[in-house]
Amino acid sequence: MSAERPAPAAGITGSRALEAEVTRWFAVSARDLPWRRPGATAWEVLVSEFMLQQTPVPRVLPAYRAWLGRWPTARALAAATPGDAVRQWGALGYPRRAIRLHACAVIISARHGGRVPASLEALREMPGVGDYTAAAVTSFAFGQRHAVLDTNVRRVLARLVGGRQFPAGSVSAGERALAESLLPPAAGRRAATWSAALMELGALICTPARPACDRCPVAHRCAWRAAGMPPGPPPRRGAPYQGSDRQCRGSLLAVLRSADGPVAPAALAAAWPDPAQRDRALGALLFDGMAVRRDDGLICLPGDGRPPPPPGGPGRPGA
DNA sequence: TAGCCGTGGAA
DNA sequence: TTTCCAAGGCT
């Protein structure tokens, strides 16, 4: 046999060399991000992971600094109201993440002594923490050995090993097995570094469109490239946003966010012309706990107009 | 599991 | 101008 061909998915050969090539590239090319610095706390890592869910790094950076400047610990955030969290979240998008992160802070304070739990299972029980975020926190904050399958890692593995341009719609068992088989040994933080490096490779080099193969440290191993980079079916597109209920919700929430206190329905009416859609969106916000209708009919963010829970108190039943 | 949940910058 | 997309999670 002459030139090495791409290895099959299971038991890929040269894993050790692959790790070395990717991590060497990472050591030189990685962005200097605050949540990656050695001193970053688990809380800081958790905050970063929430903010990075479907939100680009450049937009997260200032929000991350401001958030941790205000609430450096889970206990600090737990002492605030959910409405405070939504306001501080600002226009990062997906504001329910702020509600869920606040709920995490309350749980961490009440059930985990104020420390972010270090187990996959305990993390997974918290709102807004799915398979990816739990694996990311245990890996990056605690140095554990878990496969971290985000959209970047999935795309890199789909191309490098699978020979396809894009991964499937959801994580398959085979994909997870592959990612785990490629994980370096448990010694030190090798597995965490490997995962961070794969993510960075996907974010900077192996991008969805126009991948920079000329700068890829493992282009010589890439199954997709070896196959001539055949185009795969494009990922599914979401519903149009302009004029959608989502946009309407966003507009209403922007009004509540910028107001210091409760808002009259008329103020919301000014933010969206269509009454039926407006009422539908407001109903959804109320249903989701993103907004509250007071007895006097005014609308506010959750926790507005009430004293914040005492420190260490939330989660404890009455009086 | 497919559809929904925000936002704004880049192509 | 429109389209695409960015470290997911939930139902």
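Naming convention: chains lettered A, B, ... in sequence-line order (proteins, then strands); numbering from 1 in each chain.
If you check every strand for non-hydrogen atoms under 4.0 Å, A:T55 touches a base. Note on A:R36: a base of the nucleic acid sits closer than 4.0 angstrom, heavy atoms only. Backbone-only contact: A:P208 has heavy atoms under 4.0 Å from sugar-phosphate atoms and none from a base. Residue contacts for A:P127: at a heavy-atom cut-off of 4.0 Å it reaches the sugar-phosphate backbone alone, with no base atom in range. Among the atoms of the strands shown, base atoms are found under 4.0 Å from some heavy atom of A:L33. Within the 4.0 angstrom heavy-atom criterion, base atoms lie near A:Y241. Counting non-hydrogen atoms under 4.0 angstrom, A:L92 reaches a base of the nucleic acid. When heavy atoms are screened at a 4.0 angstrom cut-off, A:W89 is found touching no nucleic acid atom at all. Heavy atoms of A:R246 sit under 4.0 angstrom from at least one base atom. Using a 4.0 Å heavy-atom criterion, one finds that A:A91 contacts the sugar-phosphate atoms exclusively.
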Apply salt bridge (Lys or Arg N to Asp or Glu O under 4.0 Å) to A:R36 and A:E200, showing your working.
-> CA-CA 12 Å; A:R36 280 194 196 142; A:E200 193 76 338; 2.5 Å; yes

Salt bridge (Lys or Arg N to Asp or Glu O under 4.0 Å) evaluation trace for A:D32 with A:R37 | CA-CA 8 Å; A:D32 177 25; A:R37 290 174 188 160; 3.2 Å; yes

Would A:W35 and A:Y64 satisfy ring-ring contact (aromatic ring centres under 6.0 Å, His included), going step by step from the backbone distance to the final call?
-> CA-CA 9 Å; A:W35 47 86; A:Y64 171 85; 5.0 Å; yes

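Sequence order on DNA chain C of the closest nucleotides to A:R31 and A:R100 puts A:R31 first from the 5' end. Nearest-nucleotide assignment on DNA chain C puts the 5′-proximal partner with A:S48, out of A:G128 and A:S48.
Taking only distance into account, the side chain of A:R59 meets the base of B:dT7 through a donor-acceptor pair shorter than 3.5 Å. At a cut-off of 3.5 angstrom, the base of C:dG9 holds no donor-acceptor pair with the side chain of A:T133.
Taking hydrophobic clusters as Ile, Leu, Val, Met, Phe, Trp and Tyr residues chained together by side-chain heavy-atom distances below 4.5 Å, A:V86 does not share a cluster with A:M51.
For A:N152, whose side chain is taken as the heavy atoms from C-beta onward, the closest listed nucleotide among B:dC5, C:dA7, B:dG3 is C:dA7. Of the listed nucleotides (C:dA6, C:dG9, B:dT7), C:dA6 has the atom at the smallest distance from the side chain of A:Q54. Of the listed nucleotides (C:dG8, C:dA6, B:dG6), C:dA6 has the atom at the smallest distance from the side chain of A:P56.
C:dA7 and B:dC4 have their P atoms separated by 22 Å, with the value rounded to a whole Å. Distance check on atom P: B:dG8 versus C:dG9 gives 23 Å, rounded to whole Å.
Two rings, from A:W43 and A:W71, have their centers 6.0 Å or more apart.
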